[in-house]
Protein chains: 2
Amino acid sequence: MKDDTISGEQLLSMLAALANPHRLRIIAALQSQGRNYVSQLAREIGISRPLLHLHLQKLEDAGLVTSQLELSSDGKALNYFEVSRFALEITPVAIAEAAKSLSTHLDP
Amino acid sequence: MKDDTISGEQLLSMLAALANPHRLRIIAALQSQGRNYVSQLAREIGISRPLLHLHLQKLEDAGLVTSQLELSSDGKALNYFEVSRFALEITPVAIAEAAKSLSTHLDP
DNA sequence: TTCATGTGTAAGAAAATTATTACACGTGTA
DNA sequence: TACACGTGTAATAATTTTCTTACACATGAA
């Protein structure tokens, strides 16, 4: 028996995190070139560091990337990000299943 | 040889269309209860008809649902919607592949 | 000390999305 | 004719998301 179940809220947060061109590129970059720290990634992608910070936050909140603070040899604190391993199966059936656990505006 | 390739824009529009609780419920309803027309669906989901209309439009633009105007026996024009058959594989690798064809702000 | 590098975040502007309200139009029936 | 039901859409408001700018703080090297 397989359990591909995911909560509606969880699914929604991942979809929302992915529904942005910058964030798709961020994941693509981390997937293709491997882990990277914020400032360097901002330069490679071509967006400002505060903006990248915001997008990384959303991705991390959704569990799509993880971060690890490290000290470089020259003493700087670098925050390295890498993509999580995830696999979402998006089909009408999977959505119907997940939607069962979606809270409504007029809940209990 | 399999070709799961999807354009970045296409992927993005589907993700954006899915990243909303109402729209997940719409797909879930159409999947579980089958095709339905706008007014009836609005009543079942519990949102206004104009609002549902807006959400259905986004889903249809993304190709996730289709519509067909039909005449009921008592002469009314009913617009029936149903879910398309789709299956998205969302993984870091798939995203990296799709992101190759994502236009940038500073394109050609 | 000053500069270059890294980190984070707060405040406000700009843009996009979501939601409501009010119209307009059509058909069958009382 | 008036009502009930269906359709769509335009205009506005409300909310959320995105983006920029400016700050604050830390370390090593010149």
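Just so we're on the same page: letters track the sequence lines, and every chain starts at 1. Because the structure is predicted, anything quoted here is derived from the model rather than measured.
Between the side chain of B:R49 and the base of D:dG6, no donor-acceptor pair of N or O atoms lies under 3.5 Å.
A straight line from CG of B:D74 to P of C:dG26 spans 18 Å, rounded to a whole angstrom. Residue B:L69 contributes atom CG, which lies 19 Å from atom P of C:dC25 at whole-angstrom precision. Between the CZ atom of B:R43 and the P atom of D:dA4 there is a distance of 14 Å, rounded to whole Å. A:H22 places its NE2 atom 12 Å from the C1' atom of D:dT17, with the value rounded to the nearest Å. In this structure, B:Q57 places its CD atom 9 Å from P of D:dG8, rounding to the nearest Å.
Looking at which nucleotide of DNA chain D each of A:L51 and B:V38 is closest to, the 5′-most match is held by B:V38. When each of B:Q40 and A:K76 is assigned the nucleotide of DNA chain D bearing its nearest heavy atom, the one mapping closer to the 5' terminus is B:Q40.
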Atom pairs and distances, donor-acceptor, side-chain atoms in residues 53-61 of chain A, under 3.5 Å, two or more places apart:
residue : atom : partner : partner atom : Å
A:H55   : ND1  : A:R23   : NH1          : 2.9
A:E60   : OE2  : A:S67   : N            : 3.4
A:E60   : OE2  : A:S67   : OG           : 2.8

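Put simply, A:N20 has a side-chain N or O that comes within less than 4.0 Å of OP1 or OP2 on D:dT18. Residue B:H55 places at least one side-chain N or O closer than 4.0 Å to OP1 or OP2 of C:dA19. Side-chain nitrogen and oxygen atoms of A:Y37 include at least one within less than 4.0 Å of the OP1 or OP2 phosphate oxygen of C:dG6. Proximity of A:H53 to the phosphate of C:dT7: no side-chain N or O atom is located under 4.0 Å from OP1 or OP2. Under 4.0 angstrom from either OP1 or OP2 of C:dT18 there lies at least one side-chain N or O belonging to B:K58. Within the 4.0 Å cut-off from OP1 or OP2 of C:dG8, at least one side-chain nitrogen or oxygen of A:N79 is found.
Each of D:dT9, C:dG6, D:dT20 was ranked by its minimum atom distance to the side chain of A:P50; first place goes to D:dT20.
Summarising the geometry, atom OG1 belonging to B:T66 is positioned 11.0 Å from atom CZ belonging to B:R85; distances are rounded to the nearest 0.5 Å.
In plain terms, the two heavy atoms of A:L24 and B:I95 that are nearest each other are O-CG2, 3.6 Å.
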